[in-house]
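Scroll down for the structure; my scribbles are underneath it.
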Amino acid sequence: MGFFDKVFGSDKGDEPKKRSGDGGSFTPIIVNTDDVAQTLHDTALKYKINSSALDIRLLSFKTFIKMNPKEEEWTEVEDGEWEKLNKPEILLSPDFQVKQSYELEIFRYKDEPWKSDLQLHIGSNREKNRVVCTFKAGSIIRKTENLKSKIKNIIVGKMLRSRILINLWDVNYDTAIDDLTAKALVQDQYILPEDLSFDICVCFASQKPVNDELILHYKHKNEEELEGDRIDHSKRGFIQAVEKGETVIEYIKPQPGKPGRNCQGTYIPVPEPLEKFKPEFRVSEMIEVEEDDTRILYRAKRGGYVVFKDNTYDIHDSMEIDEVSFKKTGSIDAGVETEVKLHISESDHMKDAIGTGVEVEATEVKVEGNVGASAIVKAEEVSIGGQTHQTSKIFAKTAKINVQRGYVKTTEDLQVTRLEGGVAEAKKAKVSQMIGGEVKAIEVDVDVIASNARICAVSKIIIGKMVGENNKLIIDASEIDAYHNEIVSLEEEIVQIEKELAQLEEAKSQKAAIIEKSTAAVQTLRKRILEAKQKGVKPQPAFVAKIKQYQKMENDLTDLSEKINQTKQTLKEIKRKLLAYQEMIINSKIINYGEWKDYTNIEFHLLYPQITLQYTPEPGAKMQEVYLKKITGPDEETSYEIAVREAVKV
């Protein structure tokens, strides 16, 4: 029974057994007692035998109550009166008392074959308000006269030994016993394949009181541990950020418990709830208060970070600090959706405004100075007045960066004053000076480009002035992160469907050839079948089977044709999606308002079919626009070639 066994210490040791040294004969006696366990113990001592060698038979019992402990006499409960008393308002009163008195016959235990392999135990939970009977797996229930009554007598005996009051809170367990006895009676014996447990007595469980509690939810958000239970010591909760509508603080009100009464009739008191944390603080108009009978919730009316000052909680949305560093602040994880605006004011070009290895996350991040090595910045809007280290990373919706040497990615616009060997990805990128490095965007506009730069775009690349050599200008939608996954997926689907279509066409061709080859023979068979029917002769089964086989091939051919048409339609739809991306490439252009320098390489990557068109501009040529020109062949086939025309400055 596990936990239930432990409460009573298990009744396994009370199982009557034949023991050596238990004395000679024992004459049965009749006793009256209100404590069966103690009486059995005393009797065993008196007669110098083991109590487990004694058995009992309940002859009668009486129930007594007191409505008030000050009453001197106990009142006997007459038949039918208990139901009037068996109510929570009476039983859960500390003044109510109940006991029972039992008339017993005590006799020496006699082993009987029907119960020699019966393992039956009772146990309870800790409060003893629920008592469970368990038949252990492997127990053998043997057929005998009055089997059900005998089993119930064993259960009652064990309840009495455990000081459980009987017939007050008993659960009707007849169905469980009936099922067991029925199997035993039909089969002469029944072996339990697994433990069988059921309730035999259930009273009133107590409910613990709820002590009051003040939960600072905004602080607990920053107590998470990293994988492997290692704490990130860089995240020290410098800012406790919250989103609009988020629960900032929660106060759990004290709630009284509920007393109980167990199956031994004992009253179970519960203590009064503790009240230690009743709110004495105030909140600003930025925090709304919701209260009910059990708790008080303090919710943020706007996003920001929590401030506690002068015994008042408030939510601010802007903060100015000198620097963010591991030593001074640790990482700041305010969250992109919290409306927190950070202004980091350190502007000394010899120092880092955002230090090495720290992370900064907020809705807006404005940095007057530099971003250090391995630093990470995440925000809706980012502004950096200094330079970024080559190992730093910036993620934003929009960003303005003075000198970019690391990695930056925006989902919308990006403006960089000078790109020095860094990598920039955006929807639309504007770079004043590009000295090496790489830019990927749908549209790229560079005022001045030096040497060894790589630009990849989808719709257009604009160069104001080219002053260096060995630059690569590429039009390729598949390199742009926003399009890459879908383009690759569409290309893979096309390859797979074209392969499937080829297999279907081959299967159709083979089946059509078989049908064509068999048509004449089938026509002959049909003619013979018709002639046989006209003569009143049953057609040969082999002829009929051949006809059915031929008809099945015709149906299969029809199904194949339909599947081929469906597959072609699917392929057409996927190609249409891919060609929509290709349409952007076809209409793209690369414009240089200055003059071309040596070793400039231009590429246009078509998606379907996958073709790369290359062009090397003539050094010294000025004001040129490079684009794709449509070529229509004699068979109305369309192809494209790179063409050049004079650029018109808008």
Side-chain angles (χ1 to χ4, degrees), residues 226 232-236 238-239 241 319-336 338 340-441 444 446 450 452-456 480-481:
L226 294 178
D232 185 356
H233 293 286
S234 71
K235 297 182 179 180
R236 301 197 292 273
F238 183 75
I239 286 180
M319 173 179 282
E320 181 171 337
I321 51 179
D322 294 335
E323 64 176 88
V324 177
S325 63
F326 185 87
K327 182 178 180 181
K328 188 172 183 179
T329 62
S331 294
I332 296 177
D333 185 8
V336 175
T338 57
V340 173
K341 303 172 185 177
L342 291 179
H343 181 197
I344 305 169
S345 60
E346 177 59 69
S347 59
D348 190 334
H349 70 280
M350 299 298 292
K351 299 179 180 179
D352 288 337
I354 297 179
T356 300
V358 296
E359 298 182 19
V360 177
E361 185 172 339
T363 302
E364 294 183 21
V365 177
K366 183 178 181 181
V367 185
E368 298 293 345
N370 303 328
V371 177
S374 301
I376 298 175
V377 179
K378 297 178 181 179
E380 287 282 320
E381 297 180 24
V382 172
S383 175
I384 298 174
Q387 63 186 16
T388 64
H389 191 273
Q390 62 186 16
T391 59
S392 66
K393 295 180 180 180
I394 313 294
F395 301 92
K397 183 178 181 180
T398 62
K400 293 181 180 179
I401 301 174
N402 185 27
V403 180
Q404 170 64 14
R405 292 175 175 169
Y407 175 81
V408 60
K409 181 177 181 179
T410 66
T411 56
E412 295 294 338
D413 294 350
L414 169 64
Q415 294 184 34
V416 178
T417 302
R418 188 165 73 249
L419 182 69
E420 295 183 357
V423 177
E425 295 185 27
K427 183 176 182 181
K428 186 176 182 180
K430 170 67 177 175
V431 181
S432 298
Q433 298 176 41
M434 187 172 181
I435 305 170
E438 182 177 17
V439 178
K440 294 181 179 181
V444 180
V446 180
N452 303 311
R454 185 178 189 273
I455 300 175
C456 185
I480 305 305
D481 190 56

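The shown structure was predicted, so the numbers you read here are calculated from the model rather than taken from an experiment.
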Problem - Gap between atom CD1 of Ile455 and atom CE of Met434 - 0.5 Å precision - result: 4.5 Å
Handout entry: Under 3.5 Å donor-acceptor, Ser331 side chain and Val358 backbone
Key = no
Problem - Pairwise side-chain contact, Lys393 with Lys378, heavy-atom cut-off 4.5 Å (strictly under) - result: no
Sequence neighbours left out, cut at 3.5 Å: what donor-acceptor pairs do the side chains of residues 366-377 make with other protein atoms?
residue : atom : partner : partner atom : Å
Glu368  : OE2  : His343  : NE2          : 2.7
Asn370  : OD1  : Gln387  : N            : 3.0
Asn370  : ND2  : His349  : O            : 3.0
Asn370  : ND2  : Lys351  : O            : 3.0

Practice task
Would you check if Asp322 and Lys328 make a side-chain contact, meaning some heavy-atom pair closer than 4.5 Å?
Solution key: yes
Handout entry: Check: Asn402 and Ile384 side chains under 4.5 Å, non-hydrogen atoms
Key = no
Return all side-chain donor-acceptor pairs below 3.5 angstrom for residues 406-417, not counting sequence neighbours, or 'none' if the list is empty.
residue : atom : partner : partner atom : Å
Tyr407  : OH   : Glu425  : OE2          : 3.3
Lys409  : NZ   : Asp481  : OD2          : 2.6
Thr410  : OG1  : Glu412  : O            : 3.1

Exercise for the section: Answer yes or no: is there a donor N or O on one side and an acceptor on the other, between the side chain of Ser392 and the main chain of Thr388, under 3.5 Å? Expected result: no
Exercise for the section: Taking atom types as modelled, find out whether Glu381 and Thr398 have a side-chain donor-acceptor pair closer than 3.5 angstrom. Expected result: no
Exercise for the section: Return the minimal non-hydrogen interatomic distance between Gly330 and Val324, and the atom names on each side. Expected result: O-CG1, 3.6 Å
Completion exercise
Sorted by chain and number, sequence neighbours left out, side chain to side chain donor-acceptor pair (under 3.5 Å) with Arg418 holds for Glu420
Fill in the blank from the handout: When every non-hydrogen atom of Ala379 is compared with those of Thr363, the smallest separation belongs to CB-O, 3.6 Å
Problem - Spacing of CD belonging to Glu359 relative to CD1 belonging to Ile354, to within rounding of 0.5 Å - result: 11.0 Å
Exercise for the section: Return the minimal non-hydrogen interatomic distance between Ala362 and Val365, and the atom names on each side. Expected result: CB-CG2, 4.0 Å
Handout entry: Non-hydrogen side-chain atoms of Val446 and Val439 separated by less than 4.5 Å
Key = no
Problem - Spacing of His389 atom NE2 and Thr356 atom OG1 [to the nearest 0.5 Å] - result: 7.5 Å
